[in-house]
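Here the structure is laid out as structure tokens; the discussion comes afterwards.
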Amino acid sequence: MEFKIAVMPGDGIGQEVIREAVRALEAVGKKYGHTFHCQYADVGGIAIDRHGTPLPEETMALAKGSDAVLFGAVGGPKWDDPKVRVRPEEGLLTLRKGLGLFANLRPIKVYPRLMEVSPIKRQVLQNTDLVVVRELTGGLYFGRPKRRWQTSKGRRGVDTMSYSEAEIERILRVGFELARSRRKRLTSVDKANILETSRLWREVAMEVAKEYPDVALDHLLVDTCAMQLIMNPSRFDVIVAENTFGDILTDEAAVLAGSMGMLPSASLAGIPSGGRALGLYEPVHGTAPDIAGRGIANPLAAILSVALMLRYSLSLAEEAQALEAAVAKAIDLGSKTADLALPGEMALGTKRMTDKVLERLEQQGTSVPT
Ligand code: IPM
Ligand code: MG
């Protein structure tokens, strides 16, 4: 089969890890007989520098005309001045909103060999396997008014947390459907003791739950959830949360996996069906300016994002699984990048780590005719 992939490396280590993710994609293509036509576009800080905007029109057009978007990361100290008017992050937010990608899936898997890398005790990590479904196009990120201004008593700023019933309902459905395909437990996160949006969220959650009697729903306040994630992570199957809560909880959850460098994500415009829906796939880690340009970034989050892309946008479930298995095997055999290496352990660079994964991929059999 043939596919059109829009590739947007962005800034910082985005460039380095996406280079390796594309190698992984090509290796899958070679092994299974697919052609991935990769077309590149600027986004984020690099796009500001080159085109004066974090999301040039051509970049958006390319995304819309592709089967999937492979995205690196955006931002960095160079564009971080709070006074500037255009910010790299705007590029990503406009892409998410413009493509209607309201459902962000962030799976957190704990690999046995990486348990000792996490600061959390092994017995706590045991059996942890969860997915956070983060609402991605509403809440504080997009609510209006959103501004800063000067008053006679000093400066003031406002952001708006706003959700419609329809926005809440559709993301909850994604949570329920995903839970149904897994261990059938959904935790809905809110701050219903304080926030009106959260009270609405909880009400809608209880209504939608009636259509999913086979899924056990519970509600957790976001602060309790933050604590439970660290104290008892194996209690979770699928967590569904609004945009900002999901942003914060997934950085926290990354600690369970040992490193931010392990977390992939899929941003979708609907319920993941294994179908051919446009989606954006990005590692959760960001641009990591402190290590950018040194060739030591962990490429696994980006490679695992490619696996999600194969599964959710390209209907290539078998290929997705093969790539995930290759990553798991490489880790199992002790391959580690600097973020995963314990004192005294050897750390592989970005490219060498990818080599290890691709070696495993090549050595696996295929059950798909090529
Ligand atoms: C994430 C990031 C982004 C977000 C930034 C880069 C805009 O932190 O994907 O988690 O806040 O959504
Ligand atoms: Mg984040």
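Throughout, numbering of the chain's residues begins at 1 and tracks the sequence. Here the structure is a predicted model, which is why all the values come from computation and not from measurement. Only this structure's heavy atoms are used, side chains among them; waters, hydrogens and symmetry mates stay out. Just so you know, ligand 1 is whichever comes first in the structure, and atom 1 is the first atom listed for that ligand.
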State whether Arg173 and Glu169 are salt-bridged, where the test is any N-O pair (Lys NZ or Arg NE/NH1/NH2 against Asp/Glu carboxylate O) under 4.0 Å.
yes

Short N or O contacts of ligand 1 with protein, under 3.5 Å, listed by atom name?
unit_1	atom_1	unit_2	atom_2	d
ligand 1	8 (O)	Asp247	OD1	3.3
ligand 1	9 (O)	Arg96	NH2	2.8
ligand 1	9 (O)	Arg106	NH2	2.8
ligand 1	10 (O)	Arg106	NH1	3.1
ligand 1	10 (O)	Arg106	NH2	3.2
ligand 1	10 (O)	Arg134	NH1	3.3
ligand 1	10 (O)	Asp247	OD1	2.9
ligand 1	11 (O)	Tyr141	OH	2.6
ligand 1	12 (O)	Arg96	NH1	2.8
ligand 1	12 (O)	Arg134	NH1	3.2
ligand 1	12 (O)	Arg134	NH2	2.8

Pairs where residues 227-248 contributes a residue and the test ring-ring contact (aromatic ring centres under 6.0 Å, His included) is met, not counting sequence neighbours:
none

Any luck finding a side-chain donor-acceptor pair between Asp159 and Tyr141 under 3.5 Å?
no

Aromatic plane relationship, His34 with Phe3 - under 30° parallel, 30 to 60° tilted, over 60° perpendicular
perpendicular

Hits for salt bridge (charged side-chain N to carboxylate O under 4.0 Å, His left out) against Lys97, two or more places apart or cross-chain, chain-then-number order -> none

Among the N/O/S atoms of Asp247, select the one at the shortest distance from the Mg ion (ligand 2) and name it.
OD1

I'd like to check the salt bridge (charged side-chain N to carboxylate O under 4.0 Å, His left out) partners of Glu89; sequence neighbours left out, ordered by chain and number.
Arg87

